[in-house]
Amino acid sequence: MKKESTIISPRQPYIELGVEQLQKLNCPQLGISHFYEFSLGQDRPHEVKAVPDGSIDLLFNIGSGKATTYISGTVFGVKAWELGDEDWCFGVRFQPGQGVLPKDLSMDMLVNDDVEIDGDIFGDHLTERIALAKDINERSGIFKEAYENLVYSRNTFSDKEKINEYLVSRITRSRGQVNMSELEEETNYSACYLRRVFKNYHSISPKQFAQYVRFQTLLDSLGNGNVRYDELALECGYFDEAHMMKEFKNYTGITLEQYKRLQGGKTNGKDIKN
């Protein structure tokens with residue numbers, strides 16, 4: 001089974017639209033998509049809405065010399081995302097379907113939920129070091145060093161792990177536009193077996209994962225100027241415009257037109273070069 005990598009930058013639009021001083025640092029390594037930092041600002045609620053992205057987020061809510069750590073799996077639909085009690089947050093967002101978990105965590109604990117954890121399970125004194133770091137560049141370097149040790153301490157991949165890795169790669173390469181019959185033909189495994197392997201690792205089905213990847217592709221495409229909705233729907237793998245509109249509202253809680261108006265009213269955040 002040939003493997004090719006595809007980089008998808010999963011987005012959480014309510015973070016982009018609803019926080020202050022947002023910074024983003026791309027990191028297409030180790031299954032990480034990017035690091036991000038933001039302030040919730042004064043008198044703001046300490047939660048935003050999350051949308052499906054097929055990804056794991058690790059969030060450090062930073063106070064005075066300390067950090068409270070939360071980890072979240074993908075949500076199934078628009079859902080409240082708790083951000084902790086402090087105003088400043090540093091986050092790690094993994095590529096869809098990727099991310100190595102310490103032995104104390106499993107995906108079935110994380111999907112559609114936010115879990116407070118001891119962040120030091122990712123590395124010795126990690127939370128304190130991240131809390132005391134001066135900026136996103138320093139924090140990302142601290143996390144990458146600790147996470148590399150976790151990734152490279154794994155044993156050789158089992159056959160099931162190789163199948164899972166292929167499925168994640170194939171679905172992301174197709175931008176969510178591959179069906180089970182194609183995956184059966186390419187892998188020589190039954191659809192039933194492929195679904196079972198995939199769900200064992202991700203606690204969602206390959207079909208759900210493909211839908212989330214397709215939705216993330218749509219979010220990216222919405223920034224490409226004035227594109228006709230019927231053309232956009234076909235380009236992103238929807239049956240038609242009505243199908244795209246329905247899924248968008250299910251996943252964001254608002255219509256596509258409402259989302260574009262929100263986008264137009266907020267210019268927020270900056271990318272930082274590593």
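If you read the sequence from its start, that first residue is 1, and numbering goes on from there.
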*No-hydrogen, no-angle side-chain donor-acceptor test under 3.5 Å, D120 and T127*: yes
*Geometric class of the F143/F122 ring pair [parallel <30°, tilted 30-60°, perpendicular >60°]*: tilted
*asked:* Nearest 0.5 Å, please: how far is CD1 in I142 from CD in E128?
replied: 10.5 Å
*asked:* Quick check: do M107 and I56 have side-chain heavy atoms less than 4.5 Å from each other?
replied: yes
*Interatomic spacing from CD1 in I71 to CZ in F60 - rounded to 0.5 Å*: 9.0 Å
*For the rings on F248 and Y238, is their centre-to-centre separation under 6.0 Å?*
no
*Kindly write out the residues that satisfy side-chain hydrogen bond (donor to acceptor under 3.5 Å, both in side chains) with S181, not counting sequence neighbours, or none if the list is empty.*
N179
*Over 60° means perpendicular and under 30° means parallel, so classify the ring planes of H34 and Y36, tilted if in between.*
tilted
*Heavy-atom closest pair, residues Y14 and K49*: CB-O, 3.2 Å
_Minimum heavy-atom distance C89-L59, with the two atoms named_ = CB-CD1, 4.0 Å
*asked:* So for atom NE2, which belongs to H46, do other residues, nucleotides or ligands contribute more than 12 heavy atoms lying within a distance under 6.0 Å?
replied: yes
*Atom CD of E185 with >12 non-hydrogen neighbours under 6.0 angstrom*: no
*Residues forming a side-chain hydrogen bond (donor to acceptor under 3.5 Å, both in side chains) with E148, sequence neighbours excluded*: none
*To the nearest 0.5 Å, tell me how far D135 CG sits from R139 CZ.*
7.0 Å
*Measure the spacing between CD of Q21 and CG of L40 and express it to the nearest 0.5 Å.*
10.5 Å
*Would you call the rings of F35 and F90 parallel, tilted or perpendicular, where under 30° means parallel and over 60° means perpendicular?*
parallel
*Return the orientation label for the F209 and H202 ring planes: parallel under 30°, perpendicular over 60°, tilted otherwise.*
parallel
*asked:* Looking at every heavy atom in both S203 and V111, which two are closest together, and how far apart are they?
replied: CB-CG2, 3.7 Å
*Would you say K79 has more than 12 foreign heavy atoms packed within less than 6.0 Å of its NZ?*
yes
